[in-house]
Amino acid sequence: MMLGSRSTVHGVAGSAVLLILVVLSLGVPPAVLGQRSAATPLWGPELLAALRAGGYILYFRHADTDHGQNDDRMTGVEDCTTQRNLTNRGRDHARAIGEVIRTLGIPIGAVLASPLCRTVETAVLAFGTAQKAPAAREGGPLPPGSPGRFPALRALLSTPVAPGANTVMVAHAYPYFTLVGGQFLSEGEADVVRPRGADFEVVARVGLRQWRELAATPAPR
């Protein structure tokens with residue numbers, strides 16, 4: 001955006017300060033304001049072409065879990081018996097996601113996963129590998145509800161990805177929601193994220209049904 005005069009700059013700055021004050025009065029972390037959906041979201045052939053060219057992050061929430069279980073007794077991420085885990089439906093869901101992404105010819109590079117069992121298992125079933133990334137769920141030094149939570153996740157999502165492949169991150173709904181706001185990711189859903197160095201933007205939201213719709217999209221002539 002080009003700013004035409006000093007008074008314009010002051011007006012924009014004043015508006016930004018006012019907006020932040022309003023957000024703080026509502027209890028919404030101002031960090032959420034930095035992450036917007038793309039002005040023109042991608043879909044259909046445009047989304048597929050972008051993903052085939054690489055340079056994006058596919059941020060998945062883990063697949064379907066057993067909500068009769070919880071993490072209350074968890075003392076370490078290695079012990080799956082004290083965590084909420086995938087159901088058989090979730091395992092099938094994860095495999096199906098990986099299969100359709102391979103069918104679409106979308107190149108995948110690094111596959112990062114929160115170190116909990118449900119996220120690692122989702123990543124391995126879908127993509128065959130998982131590099132544990134504790135940063136995906138680290139809240140940081142500030143107490144819950146504070147602006148600036150989950151700085152390591154923000155940094156991961158903002159770091160540019162080289163063209164030619166896409167990075168996958170399999171993690172959780174709440175840390176991501178804290179950064180972007182809006183609607184929680186459903187289990188197995190993904191946001192397609194374009195890293196921009198200082199921040200990132202969301203260009204699409206894709207579940208298994210949408211992945212399959214992309215696979216059925218006619219090729220451009």
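For the atom pair CG of Leu185 and NE2 of His62, the computed distance is 10.0 Å after rounding to the nearest 0.5 Å. Note that the CZ atom of Phe150 and the CD atom of Glu138 stand 10.0 Å from one another [nearest 0.5 Å]. Atom-to-atom distance recorded for Thr65:OG1 and Asn70:CG is 11.0 Å, nearest 0.5 angstrom. The distance from the CD atom of Glu187 to the NE2 atom of His172 is 11.5 Å, given to the nearest 0.5 Å.
Side-chain contact between Glu201 and Val203: present, with at least one pair of heavy atoms (C-beta onward) separated by less than 4.5 Å. Two residues are said to be in side-chain contact when any heavy atoms from C-beta on lie closer than 4.5 Å; Leu51 and Asn166 meet this criterion. Annotation: side chain of Arg194 is not in contact with side chain of Val202 (no heavy-atom distance under 4.5 Å). With a 4.5 Å cut-off on side-chain heavy atoms, Val161 and Ile57 count as touching. Using a 4.5 Å heavy-atom cutoff, the side chains of Leu48 and Leu104 are in contact. The closest side-chain heavy-atom distance from Val193 to Tyr56 is not below 4.5 Å. Using a 4.5 Å heavy-atom cutoff, the side chains of Val120 and Leu116 are not in contact.
When every heavy atom of Gly55 is checked against every heavy atom of Pro195, the shortest pair comes out as O-CD, 3.6 Å. The shortest non-hydrogen separation linking Phe127 to Arg102 is CA-NH1, 4.5 Å. When all heavy atoms of Gln83 and Cys117 are compared, the closest pair comes out as OE1-N, 2.9 Å. In terms of heavy-atom proximity, Arg212 sits nearest to Ala96 at NH2-CB, 3.8 Å. Residues Arg137 and Pro115 share a closest heavy-atom pair of CD-CD, 4.1 Å. Nearest approach of Ala113 to Ala130, heavy atoms of both residues: CB-CB, 4.2 Å.
At a threshold of 4.0 Å, the pair Asp71-Arg118 counts as salt-bridged, since one of the basic side-chain nitrogens sits closer than that to a carboxylate oxygen. A salt bridge does not link Arg95 to Glu99: none of the charged nitrogens lies less than 4.0 Å from a carboxylate oxygen. The pair Asp199-Arg196 counts as a salt bridge, with a side-chain nitrogen and a carboxylate oxygen less than 4.0 angstrom apart.
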Side chain to side chain contact (heavy atoms under 4.5 Å, CB included) between Gln210 and Trp43: does it pass, once the steps are laid out? CA-CA 10 Å; Gln210 289 81 22; Trp43 186 242; 3.3 Å; yes
Derivation and outcome, side chain to side chain contact (heavy atoms under 4.5 Å, CB included), residues Leu86 and Leu125: CA-CA 11 Å; Leu86 298 186; Leu125 290 172; 4.3 Å; yes
Report the C-alpha distance between Glu189 and Arg205 in whole Å, list the side-chain angles of each, state the deciding distance to 0.1 Å, and finish with yes or no for side chain to side chain contact (heavy atoms under 4.5 Å, CB included). CA-CA 7 Å; Glu189 255 190 332; Arg205 177 160 292 192; 3.7 Å; yes
What verdict does the side chain to side chain contact (heavy atoms under 4.5 Å, CB included) test give for Tyr59 and Val192, after you've listed the backbone C-alpha separation in whole Å, the side-chain angles of each residue and the deciding distance to 0.1 Å? CA-CA 6 Å; Tyr59 183 98; Val192 179; over 6 Å; no
Verdict with supporting geometry, Thr178 and Arg149, side-chain hydrogen bond (donor to acceptor under 3.5 Å, both in side chains): CA-CA 8 Å; Thr178 300; Arg149 291 270 289 167; over 6 Å; no
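The neighbour count for Arg52 CZ, taken as heavy atoms of other residues, nucleotides or ligands under 6.0 Å away, is above 12.
Remark: the backbone N or O of Ala63 is paired with a side-chain donor or acceptor of Thr122 at under 3.5 angstrom. Panel note: side chain Thr119, backbone Ser114; a donor-acceptor pair is recorded below 3.5 Å. Side-chain N or O atoms of Asp64 include none that pairs as donor or acceptor with a backbone N or O of Thr87 at under 3.5 Å. Asp79 places a side-chain N or O within donor-acceptor distance of the main-chain N or O of Thr81, the cut-off being under 3.5 Å. No side-chain donor-acceptor contact under 3.5 Å links Ser158 to the backbone of Ala155. Using modelled atom types, one side-chain atom of Asn85 and one backbone atom of Cys80 make a donor-acceptor pair closer than 3.5 Å.
A continuous path of Ile, Leu, Val, Met, Phe, Trp and Tyr side chains, each step under 4.5 Å between heavy atoms, connects Leu112 with Phe200, placing both in one hydrophobic cluster. Under a hydrophobic-cluster definition in which Ile, Leu, Val, Met, Phe, Trp and Tyr are linked whenever side-chain heavy atoms come within less than 4.5 Å, directly or via other members, Val180 and Phe60 are assigned to different clusters. Note: the hydrophobic cluster containing Leu208 also contains Val206 (ILVMFWY, side chain heavy atoms under 4.5 Å, direct or indirect links). The hydrophobic clustering, which links ILVMFWY residues whose side-chain heavy atoms are closer than 4.5 Å, places Met169 and Ile108 apart. By the rule that hydrophobic residues join a cluster once side-chain heavy atoms approach within less than 4.5 Å of another member, Val170 and Ile106 end up as members of one cluster.
Ring planes of Tyr174 and Phe184: tilted class, angle from 30 to 60°.
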